[in-house]
J.: 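Let me give you the structure first, and then I'll get to my questions.
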There are 4 protein chains.
Amino acid sequence: MSASSSQTKNTQRERLEAKEQSILKAATDVFTALGVDGTTMAEIARRAHIAEGTLYLYHKNKQDLLAVVVGNFWAELTKGALTAVDSSLPVIGQLKQLATYHLTALIQQFDMVGLTYRARLRHGEPEYQLPKIREYVRVFDQIIERGINRKELSEALPLWQCRDVFYGSLEYSARTLRLREIQFDLTVVEQLLVMFQPYKINEASAAKAGPSETSTNTRLARIEVQLASLLQEKAQR
Amino acid sequence: MSASSSQTKNTQRERLEAKEQSILKAATDVFTALGVDGTTMAEIARRAHIAEGTLYLYHKNKQDLLAVVVGNFWAELTKGALTAVDSSLPVIGQLKQLATYHLTALIQQFDMVGLTYRARLRHGEPEYQLPKIREYVRVFDQIIERGINRKELSEALPLWQCRDVFYGSLEYSARTLRLREIQFDLTVVEQLLVMFQPYKINEASAAKAGPSETSTNTRLARIEVQLASLLQEKAQR
Amino acid sequence: MSASSSQTKNTQRERLEAKEQSILKAATDVFTALGVDGTTMAEIARRAHIAEGTLYLYHKNKQDLLAVVVGNFWAELTKGALTAVDSSLPVIGQLKQLATYHLTALIQQFDMVGLTYRARLRHGEPEYQLPKIREYVRVFDQIIERGINRKELSEALPLWQCRDVFYGSLEYSARTLRLREIQFDLTVVEQLLVMFQPYKINEASAAKAGPSETSTNTRLARIEVQLASLLQEKAQR
Amino acid sequence: MSASSSQTKNTQRERLEAKEQSILKAATDVFTALGVDGTTMAEIARRAHIAEGTLYLYHKNKQDLLAVVVGNFWAELTKGALTAVDSSLPVIGQLKQLATYHLTALIQQFDMVGLTYRARLRHGEPEYQLPKIREYVRVFDQIIERGINRKELSEALPLWQCRDVFYGSLEYSARTLRLREIQFDLTVVEQLLVMFQPYKINEASAAKAGPSETSTNTRLARIEVQLASLLQEKAQR
DNA sequence: GATGAATGAGTATTCATTCAT
DNA sequence: TATGAATGAATACTCATTCAT
């Protein structure tokens with residue numbers, strides 16, 4: 001009897017869970033297809049095969065529903081990214097995997113970027129950082145941390161500046177590629193990785209003495225960035 | 001009489017021009033302050049001291065008005081950028097100037113970025129590239145072209161990929177800096193310039209392999225040591 | 001030409017005025033017939049032959065429209081009361097006229113009493129005294145003041161207590177009479193006037209205690225006998 | 001065992017009764033605090049610690065629940081009034097007690113008056129007399145009847161007109177006093193009692209012959225009211 | 001050109017009530 | 001009895017746009 005009751009409870013929960021998923025699926029589809037303003041709660045309800053009022057049992061209002069939809073997207077992206085990155089590789093390789101994954105995903109689901117901007121808007125506050133985005137962003141941070149721990153990257157790497165360049169470049173590129181109807185562009189990724197050269201710790205460098213010309217440029221670049229970072233700090237003080 | 005009429009016409013034109021400016025000023029203010037959805041044509045008319053109907057003599061509809069407002073912003077940005085960049089400098093210096101200008105401007109008027117996204121949306125099409133933005137983007141392209149012409153940059157530089165990284169990084173960074181209430185961050189700019197190192201043509205390299213190279217190495221080593229000690233200090237704090 | 005313009009202006013004003021009246025007429029009818037909750041803005045607009053949105057050009061919202069409708073009622077009532085009362089009569093006579101007028105009017109338009117209660121409700125405050133009601137109430141006060149000035153009424157008369165009894169009785173009675181489908185009941189009015197007896201100043205009393213008194217007594221006695229017999233008759237029926 | 005079952009049954013009944021009371025308490029609180037429109041069945045259920053659906057096992061719908069709440073109020077008022085009135089006193093004294101009790105109670109729970117109006121509204125019918133109010137009103141009638149039986153009051157007293165004046169005055173006064181934040185005003189009560197003077201049978205009158213001046217006024221007033229009543233009847237025929 | 005009154009389509013949200021469990 | 005998830009009708013209000021002066 002307790003089993004049956006637990007069974008029933010289970011079924012109930014599953015039903016609610018299924019309904020919740022159904023709503024999110026419908027909402028995602030409609031928001032994606034029609035944009036925030038083009039979307040009506042009625043249409044979402046229709047596609048989820050529920051009554052309009054039921055939507056409000058699961059989500060406080062349209063804005064909240066949008067936030068959940070967007071949050072879900074980034075949560076899924078986080079999962080995918082963790083899968084896509086092989087942490088046994090050298091960090092530069094990992095960053096390439098992450099960049100590739102990110103760029104590909106954004107190109108495919110670029111509408112979500114627009115929705116994300118809308119979901120971030122809060123009445124009063126200028127903008128709002130969705131928690132799920134923060135989690136996603138951590139994937140990048142973790143790779144960098146790993147790199148530093150493994151002595152593959154210099155501690156001097158300015159974390160959040162690099163992070164912004166990384167994600168900013170990819171997002172912007174995704175928009176452009178979308179417009180040009182290109183599925184993917186490796187150059188963007190490669191270009192991005194150049195950014196990390198100055199922080200790359202060359203294990204071989206100690207071994208071989210010969211300072212090649214390339215090495216000079218690299219060293220200069222590294223110095224310049226580090227100097228900029230120090231100056232910045234000083235300016236802020 | 002023709003003089004008087006031309007006079008009048010002139011005055012008339014000036015009046016219309018002034019009214020147009022008044023409308024754009026009002027529209028910019030309201031859109032910026034209240035966002036696209038918070039803005040009403042009535043409020044814009046009120047602030048421009050004209051009747052609601054008059055707005056429609058100057059602009060087809062709200063969406064078009066927004067497009068003009070946003071277009072104006074980018075046109076102004078173009079003007080400013082052209083002023084900010086000294087084309088007599090080495091291209092890297094020019095890029096640094098442009099990046100600095102762009103980042104500063106975006107941080108100061110970040111609301112415009114949001115409006116830009118909204119202005120790009122067209123019913124049906126996924127997104128739309130505003131002509132004024134294209135013009136702005138050309139400023140970057142011209143610097144690169146100049147660099148290639150002057151043999152400062154390799155022809156191998158992948159133009160639009162670099163461009164996307166350039167603008168994408170700065171835009172994204174601007175958002176972040178805005179959130180952190182930071183006015184400017186040189187690191188972002190410097191970081192970005194690293195990207196162009198691989199395409200930098202070292203005129204001295206091919207020509208001379210003389211003693212200056214040794215000296216360069218020596219100086220570099222000295223600087224690196226100093227930097228390392230500074231970073232160490234910082235890390236200990 | 002100035003005439004034509006003034007004419008036009010006049011016409012315009014008249015049109016707006018007419019529209020305003022049309023709205024109020026429609027609103028009054030609908031509120032009266034269907035009650036506050038039964039009334040929809042759409043129905044009012046329909047009956048006023050205007051668009052729904054137009055209602056909001058004339059009245060901020062439903063609650064405000066109701067307040068105006070109710071206010072109008074009391075303003076009209078004030079006018080009527082001033083007409084109904086002949087200030088040359090002894091005050092008791094005036095009060096009788098006012099009471100008669102008030103009772104009759106309330107019986108005929110009793111729905112307005114219910115609307116009045118609803119119009120008085122403000123969000124937050126417990127209740128709210130409509131200005132137009134205050135003006136109406138002044139009609140009573142003025143009669144009393146007049147009476148006191150003319151030495152027909154004692155200054156000892158507790159003004160607002162009497163006023164409340166006056167209006168309270170009539171309003172409550174109006175409800176009852178409405179339920180019983182009675183158009184008017186003089187008894188209520190007469191009953192009410194008894195209240196003022198203690199404050200009536202008998203000019204003759206102090207001056208003369210002469211023969212008229214005897215005569216009065218005689219006449220009273222005669223009337224009392226006749227009345228008693230009539231009442232007896234009535235009782236037997 | 002039968003005892004135990006009866007015990008259980010008893011407990012069950014008590015439980016139901018307790019739940020019913022809990023619902024009514026919650027409903028009364030919410031209706032009083034938030035008004036009819038501000039009240040939701042969900043909130044009542046929440047405060048009564050039951051499910052929404054359960055409310056409908058005890059009360060057909062919101063309107064009915066309101067009616068019960070309001071009915072309860074008047075039933076309680078009836079109880080209180082019967083306690084407050086000492087039927088051994090002269091009727092005028094009893095009326096004074098009733099008036100005092102009524103006024104005090106209404107001032108304290110004035111929100112109930114508003115709820116009463118709303119409870120009386122029926123779809124279609126203009127208004128509806130709640131049974132519990134009728135019972136309450138009987139308290140007044142009984143005092144009057146007693147007075148007539150005891151020969152303290154004249155049979156000529158027009159019962160329901162007096163009743164309406166009685167309750168109407170007090171209700172209206174209660175509203176006013178509430179607004180002025182006054183707890184009680186004896187003047188109102190005293191004022192009201194004047195109304196009964198004309199019907200007061202002066203036992204002493206037969207004993208003492210001297211028709212005082214006061215007596216004249218009183219006799220006149222009495223006659224006037226009785227005449228009005230007779231004329232009324234005639235008019236209705 | 002300028003006006004501003006008029007329009008009316010468009011929708012998020014609430015909540016009394018029901019009913020499967 | 002009790003539950004509480006589901007329902008869906010019902011509506012005040014906004015505002016971009018138009019058009020008669």
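Because the structure is a prediction, the values reported are computed rather than measured. Sequence lines set the chain letters: A, B, ... in the order given, protein chains first and strands last, and positions in each chain run from 1.
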J.: What is the distance from CG of Leu66(D) to C1' of dA16(E), rounded to the nearest Å?
T.: 14 Å
J.: Which dot-bracket notation, 5' to 3', represents the base pairing of DNA chain F when pairs are defined as Watson-Crick or G-U with both distances under 3.5 Å, crossing pairs as [ ], and inter-strand pairs as |?
T.: .||||||||||||||||||||
J.: Of the non-hydrogen atoms in Asn61(B) and Tyr56(B), which two are nearest, and what is the gap between them?
T.: CA-CE2, 3.9 Å
J.: Is the phosphate of dA5(F) approached by Lys19(A) (side-chain N or O, under 4.0 Å from OP1 or OP2)?
T.: no
J.: Ser22(C) side chain to Ala48(C) main-chain N or O, any donor-acceptor pair under 3.5 Å?
T.: yes
J.: Ala119(D) and Gln63(D): which non-hydrogen atoms are nearest, and at how many Å?
T.: O-NE2, 3.6 Å
J.: Which nucleotide in the list dA2(E), dT21(E), dA6(F) gets nearest to the side chain of Arg15(A)?
T.: dT21(E)
J.: Could you give the NE2-to-P distance, from His49(A) to dA6(F), as a whole number of Å?
T.: 15 Å
J.: Under a 4.0 Å N-O cut-off, is there an ion pair linking Asp37(A) with Lys62(A)?
T.: no
J.: Take atom NE2 of His59(C) and atom P of dA6(E), then tell me their distance rounded to the nearest Å.
T.: 12 Å
J.: What closest approach, in Å, do Phe31(D) and Leu65(D) show between heavy atoms, and which atom pair accounts for it?
T.: CE1-CG, 4.3 Å
J.: Using only atom types and a distance under 3.5 Å, with no angle test, would you say the side chain of Thr54(C) pairs donor to acceptor with the backbone of Ile50(C)?
T.: no
J.: Using a 4.0 Å heavy-atom cut-off to protein, can you give one letter per nucleotide of nucleotides 11-18 of chain F, 5' to 3': B if the base is in contact, S if only the sugar-phosphate is, - if neither?
T.: SSBBSSBB
J.: In whole angstroms, how far is the P atom of dC15(E) from the CG atom of Leu65(D)?
T.: 16 Å
J.: Start at the 5' end of DNA chain F and walk down; is the nucleotide closest to Ile50(D) or to Leu16(A) reached first?
T.: Ile50(D)
J.: In whole angstrom, what separates Glu17(D)'s CD from dT1(F)'s P?
T.: 12 Å
J.: Do Leu115(D) and Arg118(D) pass the side chain to side chain contact (heavy atoms under 4.5 Å, CB included) test, and can you show the C-alpha distance, the side-chain angles, and the key distance before you say yes or no?
T.: CA-CA 5 Å; Leu115(D) 296 183; Arg118(D) 299 293 236 102; 5.5 Å; no
J.: Judged by atom type as modelled, is there a donor-acceptor pair below 3.5 Å linking the side chain of Thr39(A) to the main-chain atoms of Val30(A)?
T.: yes
J.: Starting at CG of Leu57(A) and ending at C1' of dT13(E), how long is that distance when rounded to a whole Å?
T.: 12 Å
J.: Going through the distances and angles, do Glu17(A) and Gln21(A) end up as a side chain to side chain contact (heavy atoms under 4.5 Å, CB included)?
T.: CA-CA 6 Å; Glu17(A) 182 59 26; Gln21(A) 286 312 315; 3.3 Å; yes
J.: Could you state the atom-to-atom distance from CG of Leu55(A) to C1' of dT7(F) in whole Å?
T.: 12 Å
J.: Any side-chain N or O of Tyr58(B) under 4.0 Å from OP1/OP2 of dG1(E)?
T.: no
J.: Expressed in angstrom and rounded to an integer, what is the separation of Arg46(B) atom CZ from dT3(E) atom P?
T.: 15 Å
